[in-house]
Protein chains: 2
Amino acid sequence: DPSVTENDAADPYSSDPRRTGSILQQHTQKPYNAEPPSQLLVGDYITPVELFYVRNHLPVPVVDSNAYRLCISGEGISETSFTLEDLKTKFQPHTITATIQCAGNRRTELSQVAHVKGLSWQSNAIGNAVWEGVLLRDVLRYAGLNPDDPGAVEHIHFVGLDAGPDGEAYASSVPAALALPRDREVLLAYKMNGESISRDHGYPVRVVVPGVVGARSVKWLGRIVTSREECQGFWQQNDYKGFSSYTTWESADYKRVPSIEELPVQSAVCIPQDGASVALDEETVEVVGYAWSGGGHAIIRVDVSADGGKTWQEAELLDSARSTYRDWAWRRWSTDVRIPTGVSEMEICCRAVDSAYNVQPDSLNEMWNIRGLLNSAWHRIRVGVRVDDDE
Amino acid sequence: DPSVTENDAADPYSSDPRRTGSILQQHTQKPYNAEPPSQLLVGDYITPVELFYVRNHLPVPVVDSNAYRLCISGEGISETSFTLEDLKTKFQPHTITATIQCAGNRRTELSQVAHVKGLSWQSNAIGNAVWEGVLLRDVLRYAGLNPDDPGAVEHIHFVGLDAGPDGEAYASSVPAALALPRDREVLLAYKMNGESISRDHGYPVRVVVPGVVGARSVKWLGRIVTSREECQGFWQQNDYKGFSSYTTWESADYKRVPSIEELPVQSAVCIPQDGASVALDEETVEVVGYAWSGGGHAIIRVDVSADGGKTWQEAELLDSARSTYRDWAWRRWSTDVRIPTGVSEMEICCRAVDSAYNVQPDSLNEMWNIRGLLNSAWHRIRVGVRVDDDE
Ligand SMILES: [Mo]
Ligand SMILES: [Mo]
């Protein structure tokens, strides 16, 4: 691709953005993967770009926006390409507020049950942003596909401009049933929170598939391919699949398990932090967190317990929901819980319910899987209770 | 309504269909509520009408199909009415295979945790049928509404021809977001499994809202009203809502809780029956059940345990899925489990996973609610293990 500068063979990551002074906590540098501290994550409804987790699979490409072309090809398409200016001028702009979450969010908790393979994400590989761009369906219609014809095509592939040492780009696909209907609002986004998308988040154009695992919201979008088949690349076929708790590496068969697309209902406590302590004479502690569900399902309730799940109270949902069944954004929540007397530690946990009355399961053991994906068990943290000296 | 014969004031149920010889197990006679024995429920992929649970709220109306009129009115509609012949000839017929489940299915298990209010449904208030009729969206478009305009209307009300002693008909509504999109396939059905719909199932026309709680699939459909508001009737506002496990009758506020629409992932063991016994020298026992999820989510896996959830195996999914995200039908499943030695009883349980990777929670206690609705915890049954005399 002429718009992309070739990587330095000695260090393909040498052109990655400078991240000096970043607030994010880094898991790996090459590729860069990092998440914000939990107590900052829920500071705002709209996550500022500097607090939005970064999940890169490969080096960040250097893209010249003037030379940038988005190529569209495949089943039912008249092969065509668009400049960035084309996208911005040929189509109606569209804006959504949508949460993106990594399938590996909360993996660290699963790794405490037994060893899992993958980056040790805490509970902050999630963020909520305002995305502006054009609707995928509008662009595909322009290229000859009728997005309302249910038989037109089965899968939409997205190919990034990032490429590994073998030259293979990050690529992924979404079933047409989730990508094309008007009410799914799948976006080719060029702005995040009102600014051009930053390099770490997919400059100049990324996909945003709301309600679906982050892995499908391909960054540095270079090509869209419509197809009868799923993407056959590594990340679609041999990653981002959910195995059962009793599947071992020996018995794992990636071919038999469907790709993760829509995500289940999720929530986490962000404040206080796991391991923090509170003073008994404060009597109550404010608990704050987030809740979100895939597929457009709104959050209808968050339950919080200060005694490890024996008793519960309902949290207050902050912010406001856009709709009950087409809500792509998280809800922050908060509640004051009473600090129990006579204990040196309290276990705070939360669980959310979505508009399809899906609930989070309680047991981490049952959620465990070899890849540590899809952890949506009740979130539990431990907080010390201090008896401060009054004098 | 001139097509409906007036009820006998002395016994408004005197015109109910004769049900002599029914295989169904009756919970109440007036109104009639009954479910099939679990071991017969999974005999076929398509549930025969005589094995399909009946959930009536009121007397069954006596409808003269020649005088029948379906009236359409409300927001954005030119008030109009259709005869049964109109429906069958003015619109393209449409057929779907869809499972309907009562919100109270599996209530009996919850009542074993603590008292709940409602009919004591076992795990068989669910069935899967082939429904033929016309698409709601086609009928509304004919009456002047553009079903693809997201701002056209908010809720679609369905009013039955059944009426209580106070003259109030059964009525319910569905949000437009779930009722109008093409891929939701909401049907005004006049055939069930290839025959005219029986009186107990809504003759001559019933709604089928696939993927949504049975309460919205209004039987004996007399009127459709489009509106900016939800239906304000009893069954929409003061029933079919899901409270938390810690809500009491004193704290329950129906206004603050959303109506049940899409249902969460569900499964149950049907064979063997709870309380049955097996002979140890058979070595294995075949376990058969159903699994289903709301919102069009296909079932991707069913786990079965023969030791109360300590170890699991994957069941074989029978029948075939129509699609991953627009599958309205259940999957039956089966698997052979080993009968453990040295025990007099085994606990068999099952849990399903849907295509959004929603899972069933394990704990019945946490599912408990005052109305005993929405029980989707792991299904557990106890089976005795007999050591038969060999001689
Ligand atoms: Mo991810
Ligand atoms: Mo129901």
Side-chain angles (χ1 to χ4, degrees), chain A residues 103 148 150 175-178 180-183 211-213 241-247 251 256-265 293-298 300-301 303 305 309 311-314 323-326 351 353-363 366-367 373-374 376-378, chain B residues 103 148 150 175-178 180-183 211-213 241-247 251 256-265 293-298 300-301 303 305 309 311-314 323-326 351 353-363 366-367 373-374 376-378:
Chain A
D148 294 320
L178 303 185
L180 298 184
R182 182 190 309 265
D183 58 5
V212 160
V213 64
K241 296 195 172 191
F243 290 109
S244 72
S245 55
Y246 51 91
T247 300
S251 68
R256 287 193 57 241
V257 175
S259 300
I260 301 168
E261 301 290 348
E262 290 184 334
L263 288 175
V265 59
S293 187
H297 293 111
I300 65 167
R301 200 181 79 229
D303 300 331
S305 171
T311 62
W312 297 88
Q313 65 190 58
E314 190 172 344
S323 82
T324 311
Y325 299 100
R326 286 296 166 254
R351 62 182 187 198
V353 183
D354 76 12
S355 57
Y357 280 97
N358 287 301
V359 298
Q360 297 180 240
D362 52 0
S363 163
E366 301 295 334
M367 287 259 98
L373 296 172
L374 292 164
S376 65
W378 300 355
Chain B
D148 294 319
L178 303 185
L180 297 185
R182 181 191 310 264
D183 58 4
V212 161
V213 65
K241 297 195 171 191
F243 290 109
S244 72
S245 56
Y246 51 90
T247 301
S251 68
R256 286 193 59 238
V257 175
S259 301
I260 301 169
E261 301 289 349
E262 290 184 332
L263 288 175
V265 58
S293 187
H297 293 112
I300 65 166
R301 199 181 79 228
D303 301 330
S305 171
T311 63
W312 298 88
Q313 64 191 59
E314 190 172 345
S323 82
T324 311
Y325 298 100
R326 286 296 166 253
R351 63 182 187 198
V353 183
D354 77 12
S355 57
Y357 280 97
N358 287 301
V359 298
Q360 298 180 240
D362 52 0
S363 164
E366 300 296 334
M367 286 258 97
L373 296 172
L374 293 165
S376 64
W378 300 357

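Hydrogens, waters and symmetry mates are skipped; everything else that's a heavy atom, side chains included, is used. All values reported here derive from a predicted model rather than from experimental measurement. To find a chain, count down the sequence lines: A is the first, B the second, and so on, and within it residues start at 1.
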A.B. asks: Side chain, backbone, both or neither: which part of A:Pro181 has an atom under 4.5 Å from a heavy atom of chain B?
C.D. replies: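 Contact with chain B involves the side chain of A:Pro181 alone.
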A.B. asks: Heavy-atom cut-off 4.5 Å, strictly under: side chain, backbone, both or neither for A:Tyr357 against chain B?
C.D. replies: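 The answer is both parts of A:Tyr357.
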A.B. asks: Between CH2 of A:Trp312 and OG of B:Ser245, what distance do you get to the nearest 0.5 Å?
C.D. replies: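 That separation rounds to 7.5 Å.
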A.B. asks: Which bit of B:Glu314 comes within less than 4.5 Å of chain A, counting heavy atoms only: side chain, backbone, both or neither?
C.D. replies: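 B:Glu314 touches chain A through backbone and side-chain heavy atoms alike.
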A.B. asks: If you look at every heavy atom in A:Met367 and B:Val359, which pair is closest and at what distance?
C.D. replies: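 Between these two residues, the closest heavy atoms are CE-CG2, 3.8 Å.
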A.B. asks: Between B:Arg301 and A:Val257, does the side chain to side chain contact (heavy atoms under 4.5 Å, CB included) criterion hold? Intermediate values first, please.
C.D. replies: CA-CA 9 Å; B:Arg301 199 181 79 228; A:Val257 175; over 6 Å; no
A.B. asks: Name the member of B:Gly294, B:Ser244, B:Pro361 that forms the most heavy-atom pairs with chain A at distances under 4.5 Å.
C.D. replies: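 When all of B:Gly294, B:Ser244, B:Pro361 are compared, B:Ser244 has the most.
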A.B. asks: For the backbone of B:Ala176 and the side chain of A:Tyr325, can you confirm whether one donor and one acceptor N or O come within less than 3.5 Å of each other?
C.D. replies: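 Such a contact is absent between A:Tyr325 side chain and B:Ala176 backbone.
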A.B. asks: Taking all non-hydrogen atoms of both residues, which atom of B:Gly309 and which atom of A:Glu366 are closest, and how far apart?
C.D. replies: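 So the two residues come closest at O-OE2, 3.8 Å.
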A.B. asks: Quick one: what part of B:Asp183 sits under 4.5 Å from any heavy atom of chain A, side chain, backbone, both or neither?
C.D. replies: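 Only the side chain of B:Asp183 comes within 4.5 Å of chain A.
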A.B. asks: Could you tell me which of B:Leu374, B:Asp354, B:Asp148, B:Leu178 has the largest number of non-hydrogen atom pairs under 4.5 Å with chain A?
C.D. replies: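 Max contact count across the listed options: B:Leu178.
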A.B. asks: Provide the closest heavy-atom pair for B:Val265 versus A:Asn358 in the form atom of the first, atom of the second, distance.
C.D. replies: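 The answer is N-OD1, 4.0 Å.
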A.B. asks: Side chain, backbone, both or neither: which part of A:Ser259 has an atom under 4.5 Å from a heavy atom of chain B?
C.D. replies: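 Only the backbone of A:Ser259 comes within 4.5 Å of chain B.
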A.B. asks: Against chain B, work out which of A:Gly296, A:Pro150, A:Pro175 has the most heavy-atom pairs shorter than 4.5 Å and name it.
C.D. replies: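 Among the listed options, the one with the most contacts to chain B is A:Pro175.
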A.B. asks: Any chance you could measure A:Arg256, atom CZ, to B:Ile300, atom CD1, to the nearest 0.5 Å?
C.D. replies: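 It comes to 10.5 Å.
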A.B. asks: In terms of heavy-atom pairs under 4.5 Å, which option from A:Gln360, A:Arg182, A:His297 contacts chain B the most?
C.D. replies: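 Top option by heavy-atom pairs under 4.5 Å: A:His297.
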A.B. asks: If you round to the nearest 0.5 Å, how far is CD of B:Glu262 from OG of A:Ser355?
C.D. replies: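 Result: 6.5 Å between the selected atoms.
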A.B. asks: Measuring heavy-atom distances to chain A, does B:Ile260 have an atom under 4.5 Å in its side chain, in its backbone, in both, or in neither?
C.D. replies: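 Interface part for B:Ile260: both.
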